[in-house]
Amino acid sequence: MEPSDSELVRRAQAGELDAFEVLAARYERRVYSLALRILRQEQDAEDVTQQTFLSAVENLDGFRGQASFATWLFRIATHAALKVIRKRKGLKTVSLEAATEGTDPGSSIPHPEFIADWRQSPEQLVQSREIQRLLDGALARLDEKHRLVFLLRDVEGLSVKETAEALGLTEANTKVRLLRARLQLREQLTRALGDPDTRLTRDHDHVH
Amino acid sequence: MKCEELLAMLNEYVDGTVDPALCKEFEQHMAGCNPCQVVVDNVRKTITLYKAGRPYELPAPFRERLHETLRKRWRETRGGAANRQ
Ligand SMILES: [Zn+2]
């Protein structure tokens, strides 16, 4: 049986390089993918991945298992990615919050427009080669601030609280961004995957 | 409950953290409102699909470089701990 993360962390903390390398091999793809989906640039994603694991080597003793090892890594990777974003924007002295804040025009929720049943189930869709391109394309069209929240919460499985902490946001703000991200992705995916014959309109909003 | 109110609670409903009393209202609305029902279903499937997506592979040369760098840094910073074993 594969040793658990916490077992490997314990052994790495005791000085076993092999244990650390197993952990790195276990998570390097997810860290790299997270960085690549945030930054959309391979070289930057490689830099962030390397920084993340180097930082893990150096700070391993400080990891106390309050969060999972994966969450700890994703948090380090997110900080490194946000630094790249800040640098790109030439904002060296602003907070992380401001670096991803942008302007938030109004706080209304986007209205679902294309409403239809999907032609296939997620289980069937996931088998298809084109689907990953569709998913990444839809994600790339989101604003950075929405994309970051969605990636951490829904792709990597952090809690809302952990996502908020990693991004330096309030939980309330994180929830609003998550809702927008989910609705925008729903819209895009349903336009591509929805069955037009089942399309519904909301014009005749029901009165209850 | 109106459609807009339902949308505002969508996260909590989909994540299963909605207050039970509101959950009932939410489900009552869905039972009588086909568009909201489909939107909720679409959102669930959207999340499922993204969660199931596969991560990218590291470019092989980068992977090699990464592990080499990690081993080097490990020996520089943590070599002492290993030697004590
Ligand atoms: Zn409705």
Side-chain angles (χ1 to χ4, degrees), chain A residues 12-17 20-21 24-25 28-30 32-34 36-37 42 45-46 49-50 53-54 56-58 60 109 111-112 115-118 121-123 125-126 131-132 135-136 139 150 154-155 157 160 175 178-179 182-183 185-187 189-190 193-194 198 200-202 205-206 208, chain B residues 1-12 14-15 17 25 28-29 31-59 61-63 65-67 69-85:
Chain A
Q13 284 175 333
E16 249 186 77
L17 171 57
F20 185 79
E21 285 211 79
E28 62 197 9
R29 282 180 298 273
R30 282 175 66 187
Y32 175 71
S33 301
L34 175 64
L36 190 55
R37 286 175 178 136
E42 282 184 23
E46 290 185 6
T49 304
Q50 176 151 322
F53 286 102
L54 283 175
V57 168
E58 283 160 14
L60 192 58
I109 302 160
H111 244 261
I115 304 173
D117 288 323
W118 288 10
S121 71
E123 292 71 25
L125 286 164
V126 99
I131 197 73
Q132 197 60 52
L135 296 183
D136 283 337
L139 207 46
F150 185 82
D154 282 339
V155 179
V160 168
K175 285 183 193 168
L178 179 65
L179 179 58
R182 285 170 166 182
L183 286 172
L185 291 172
R186 184 215 70 84
E187 191 72 38
L189 295 195
T190 305
L193 304 170
T198 67
L200 301 165
T201 57
R202 297 166 73 100
D205 255 7
H206 303 251
H208 296 291
Chain B
M1 183 181 285
K2 293 194 196 117
C3 295
E4 283 71 24
E5 293 170 309
L6 180 135
L7 274 187
M9 286 171 46
L10 191 73
N11 275 347
E12 286 74 13
V14 168
D15 294 337
T17 56
E25 273 193 62
Q28 270 165 7
H29 176 96
C33 179
N34 209 0
C36 279
Q37 199 185 326
V38 175
V39 166
V40 170
D41 181 65
N42 289 165
V43 168
R44 279 193 202 278
K45 286 180 174 161
T46 298
I47 297 169
T48 304
L49 206 47
Y50 274 99
K51 271 199 207 303
R54 247 170 273 152
Y56 289 103
E57 289 296 328
L58 274 63
F62 168 59
R63 185 174 193 278
R65 237 178 20 249
L66 172 68
H67 280 259
T69 309
L70 291 180
R71 282 191 290 268
K72 186 161 169 275
R73 183 67 62 93
W74 184 278
R75 290 191 195 101
E76 285 165 7
T77 59
R78 313 184 60 91
N83 292 340
R84 277 198 301 273
Q85 294 229 314

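To find a chain, count down the sequence lines: A is the first, B the second, and so on, and within it residues start at 1. All figures in this text were calculated on a predicted structure; none of them were measured in a lab. Computed from heavy atoms alone, side chains included, the values below leave out hydrogens, waters and symmetry copies.
Heavy-atom distances place both the backbone and the side chain of A:A12 under 4.5 Å from chain B. Using a 4.5 Å cut-off between heavy atoms, A:L17 contacts chain B through both its backbone and its side chain. Interface residue A:L189: only side-chain heavy atoms are found under 4.5 Å from chain B. Residue contact with chain A, scored on non-hydrogen atoms closer than 4.5 Å, involves the side chain of B:E12 exclusively. Interface residue A:A25: backbone and side-chain heavy atoms are both found under 4.5 Å from chain B. Of the atoms belonging to B:R44, not a single heavy atom falls under 4.5 Å from chain A. With a 4.5 angstrom heavy-atom cutoff, A:Q50 touches chain B via backbone and side-chain atoms both. Only the side chain of A:L193 comes within less than 4.5 Å of a heavy atom in chain B; its backbone stays farther off.
Residues A:L125 and B:K45 are not in side-chain contact: their nearest non-hydrogen atoms beyond the backbone lie 4.5 Å or more apart. The closest side-chain heavy-atom distance from B:L58 to A:Y32 is below 4.5 Å. Side-chain contact check for A:E21 versus B:L70: every heavy-atom pair is 4.5 Å or farther apart. Contact annotation: the side chain of A:P112 approaches that of B:L7 to within less than 4.5 Å [non-hydrogen atoms, C-beta and beyond].
Between A:I109 atom CD1 and B:C3 atom SG the span is 12.0 Å, to the nearest 0.5 Å. Between A:L178 atom CG and B:I47 atom CD1 the span is 7.0 Å, to the nearest 0.5 Å. For the atom pair CD of A:E46 and CG of B:L66, the computed distance is 9.0 Å after rounding to the nearest 0.5 Å. Distance check, rounded to the nearest 0.5 Å: OH of B:Y56 to CZ of A:R30 gives 15.5 Å. For the atom pair OG1 (A:T201) and CG (B:N34), the distance works out to 10.5 Å, reported to the nearest 0.5 Å. Between the CD atom in B:Q37 and the CG atom in A:D117 there is a gap of 8.5 Å [rounded to 0.5 Å].
Each of B:L10, B:D41, B:T46 was evaluated against A:R186; a single residue qualifies, B:T46, per the side chain to side chain contact (heavy atoms under 4.5 Å, CB included) test.
Under 4.0 Å is where a charged nitrogen must lie from a carboxylate oxygen, and between A:R182 and B:D15 at least one such pair does.
Comparing A:L183, A:L179, A:V155 by heavy-atom pairs within less than 4.5 Å of chain B, the highest count is held by A:L179. With respect to chain B, the highest number of heavy-atom pairs below 4.5 Å among A:G194, A:A116, A:S121 belongs to A:A116. The candidate with the highest count of non-hydrogen atom pairs below 4.5 Å against chain B, out of A:K175, A:Q132, A:E28, is A:E28. Comparing A:E187, A:R37, A:E123 by how many heavy-atom pairs each has under 4.5 Å with chain B, the most go to A:R37. In terms of non-hydrogen atom pairs under 4.5 Å with chain A, the most contact-rich of B:A52, B:P59, B:G53 is B:P59.
Residue-environment remark: CD (A:E58) exceeds the threshold of 12 foreign heavy atoms within 6.0 Å. Residue B:K51 places its NZ atom among more than 12 non-hydrogen atoms of other residues, nucleotides or ligands, all under 6.0 Å distant.
Here the closest heavy-atom approach between residue B:P35 and residue A:I115 is recorded as O-CG2, 3.7 Å. Of all heavy-atom pairs spanning A:V126 and B:R54, the tightest one is O-NH2, 4.3 Å.
Taking the six-membered ring for Trp and thresholds of 30 and 60 degrees, B:Y50 and A:F150 have ring planes more than 60 degrees apart, a perpendicular arrangement.
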